[in-house]
Amino acid sequence: MAAVAVHQFAQCITCHAWSPDHSMVAFCPNNNEVHIYKLVNDKWEKVHVLQKHDQIVSGIDWSGKSNRIVSVSHDRNSYVWNREGPEWVPTLVILRLNRAALCVRWSPKENKFAVGSGAKTVCVCYYEQENNWWVSKVIRKKHDSSVTSVAWHPNNILLATTSTDGKCRVFSTFIKGVDTRESKTGSSSDPKFGEQIVQLDLSSSWAFGVKWSPSGNTLAYVGHNSMIYFVDDIGPSPLAQNVAFRNLPLRDVLFVSEKMVIGVGFDCNPMVFAADKSGLWSFIRFLGERKESLSGPKSGSQFSEAFGKLYAQAKHGLSNDTVEPSKIQGAVHDNCINCIALLNKKGSQTKRFSTSAFCFSVFLFR
């Protein structure tokens, strides 16, 4: 296995998403704009700047079939952007939130998208052809804190969420007139919209990025306690296992195959997890070569170095820009990786994914 950096942007990236043909990438440079870059003659050129939000854009997703971009922001609004000629035209989505929108994902059929928020709710949005607008239905009174991540099951109905209340939940999002009964889970109870299928209390701390495996048989999510959780047979009696590691917590996860997961987070270096023939998951390795171990006295010295810089900053009144960050040896990023996206094309055997943090990089994973 090897990782090769393809390109880097010298900007702080809060989130990113790829166009269907992977020739363009949209990301937010930690402000209220969405920048779109295109690869032209082996160089990335800025081709569009989407300006409609009033505060930091916290989530972006680019649909693979309809070529639409959805964005959400701390301003509590969401926009669906449609390409009309050379311009991107926004359509406002009424979310009815009283707190920031934090994350967004298109459903597999792209007839819905889900928005997690700081209002302890999830908005499931769909298009009303009669009125020519996007409306939302809200899953309420289930979460005890902010919703940090959402992930769609391949069946287009089940939606997994994680929250800072430490729990992972799975809901039904069946909407009459939008979804067909053939796409439902097949259970005799026929769960209605917003019905909770399962609540997982595996983490004793904040829960972050959640993803389904390609088949939808396995669910993976991470906690702020340096653990990753794998759950099979989602339902009344799920089978769960956790993998603890000695490194810093993860923020997001990605299935590159049914039995392999990439985790990214505060260690600034993608981590590979894999399941053996018996289905037992374990940590395999860091994707980037690490020149120095964080265990033992070296970890303490690194902590002392970081603490010393913070003390000097407070004592002398230095700004963040005047103190160089302490980079973990061998890490591929300079700061916490907050987002990971798959870049695989249909029929390709090469595994590619991208990660974003204070710099944005594309990595080729074999």
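The analysis underlying the following values was restricted to heavy atoms, covering all of them including side chains, and did not include hydrogens, waters or symmetry mates. Owing to the predicted nature of the structure, the values given are computational and were not obtained by experimental measurement.
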Is [X] reaching over with its side chain to a backbone N or O of [Y], donor-acceptor style, under 3.5 angstrom?
X      : Y      : result
Ser58  : Ala101 : yes
Lys211 : Val253 : yes
Ser163 : Gly166 : no
Arg169 : Lys142 : yes
Ser78  : Val72  : no
Ser117 : Leu97  : no
Ser356 : His16  : no
Arg68  : Val70  : no
Asp267 : Pro270 : no
Thr164 : Ser146 : yes

Any side-chain heavy atom of [X] within less than 4.5 Å of one from [Y]?
X      : Y      : answer
Phe27  : Val34  : no
Val272 : Phe286 : no
Tyr79  : Leu50  : no
Ser73  : Asp54  : no
Ile36  : Trp88  : yes
Val104 : Ser71  : no
Val264 : Arg251 : no
Val47  : His35  : no

Query raised in the report: Are more than 12 heavy atoms from other residues, nucleotides or ligands located less than 6.0 Å from atom NZ of Lys167?
Result: yes
Query - Arg99 atom CZ: more than 12 heavy-atom contacts under 6.0 Å - result: no
Shortest non-hydrogen separation from [X] to [Y] and the atoms involved:
X      : Y      : result
Val57  : Thr14  : O-OG1, 3.1 Å
Ser226 : Leu248 : OG-C, 3.6 Å
Ala357 : Asn335 : CB-O, 3.7 Å
Gly64  : Pro20  : O-CB, 3.2 Å
Leu158 : Val170 : CB-CG1, 4.2 Å
Cys268 : Cys336 : SG-N, 4.0 Å

Just by distance, no angles: are the side chains of [X] and [Y] close enough, under 3.5 Å, to form a donor-acceptor pair?
X      : Y      : result
His143 : Thr121 : no
Asn82  : Glu84  : no
Thr162 : Thr148 : yes
Glu110 : Ser66  : yes

Nearest 0.5 Å, please: how far is [atom2] in [Y] from [atom1] in [X]?
X      : Y      : atom1 : atom2 : answer
Cys125 : Asn111 : SG    : CG    : 12.0 Å
Leu92  : Asn77  : CG    : CG    : 5.5 Å
Glu33  : Cys28  : CD    : SG    : 8.0 Å
Ser203 : Asn225 : OG    : CG    : 4.5 Å
His224 : Ser204 : NE2   : OG    : 11.0 Å
Trp152 : Leu159 : CH2   : CG    : 5.0 Å

**Report entry** Full working for side chain to side chain donor-acceptor pair (under 3.5 Å) between Asn156 and Ser107
**Finding:** CA-CA 6 Å; Asn156 205 68; Ser107 68; 3.1 Å; yes
Show me the side-chain donor-acceptor pairs of residues 230-245 shorter than 3.5 Å, one per line, residues at least two apart or across chains.
residue	atom	partner	partner atom	Å
Asp232	OD1	Thr218	OG1	2.6
Gln241	OE1	Trp281	N	3.0
Gln241	NE2	Gly279	O	2.9

Query raised in the report: Would you call Asp165-Lys120 a salt bridge at under 4.0 Å N-O?
Result: no
Query - Asp179/Lys109 salt bridge by N-O under 4.0 Å criterion - result: no
Report task. May I have the step-by-step check of side chain to side chain donor-acceptor pair (under 3.5 Å) for Ser215 and Glu258, ending in yes or no? Result -> CA-CA 7 Å; Ser215 68; Glu258 196 68 26; 2.5 Å; yes
For the aromatic rings, using the six-membered ring if either is Trp, is the centroid distance between [X] and [Y] under 6.0 Å?
X      : Y      : answer
Phe171 : His153 : no
Trp134 : Trp81  : no
Phe283 : Phe273 : yes

Decide whether [X] and [Y] are clustered together by the hydrophobic rule: side chain heavy atoms of Ile, Leu, Val, Met, Phe, Trp, Tyr closer than 4.5 Å, transitively.
X      : Y      : answer
Leu202 : Val210 : yes
Trp62  : Leu342 : no
Ile284 : Leu280 : no
Met24  : Tyr37  : no
Tyr229 : Leu219 : yes

Report task. Report the C-alpha separation of Gln55 and His53 in whole Å, then their side-chain angles, then the decisive distance to 0.1 Å, and conclude whether the side chain to side chain donor-acceptor pair (under 3.5 Å) test is met. Result -> CA-CA 6 Å; Gln55 297 182 28; His53 289 287; over 6 Å; no
Query raised in the report: With sequence neighbours left out, which residue pairs that include part of residues 122-132 fulfil the side-chain hydrogen bond (donor to acceptor under 3.5 Å, both in side chains) condition?
Result: Tyr127-Asn132, Glu128-Asn131, Glu128-Trp133
Query raised in the report: Would Ser23 and Lys38 count as a side chain to side chain donor-acceptor pair (under 3.5 Å) if you check the C-alpha gap in whole Å, the side-chain angles of each, and the deciding distance to 0.1 Å?
Result: CA-CA 6 Å; Ser23 64; Lys38 185 175 183 179; 5.7 Å; no
Query raised in the report: With a cut-off of under 6.0 Å to the ring centre and 45° to the axis, is Lys192 in cation-pi contact with Phe174?
Result: no
Query raised in the report: Mind checking whether Trp106 and Phe113 have parallel, tilted or perpendicular rings, split at 30° and 60°?
Result: perpendicular
Requested in this report: Check the angle between the aromatic planes of Trp206 and Phe208 and answer parallel, tilted or perpendicular using the 30° and 60° thresholds.
Outcome: perpendicular
Query raised in the report: Which residue, Leu250, Ile262, Val261, forms the side chain to side chain contact (heavy atoms under 4.5 Å, CB included) with Met271?
Result: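 That would be Leu250.
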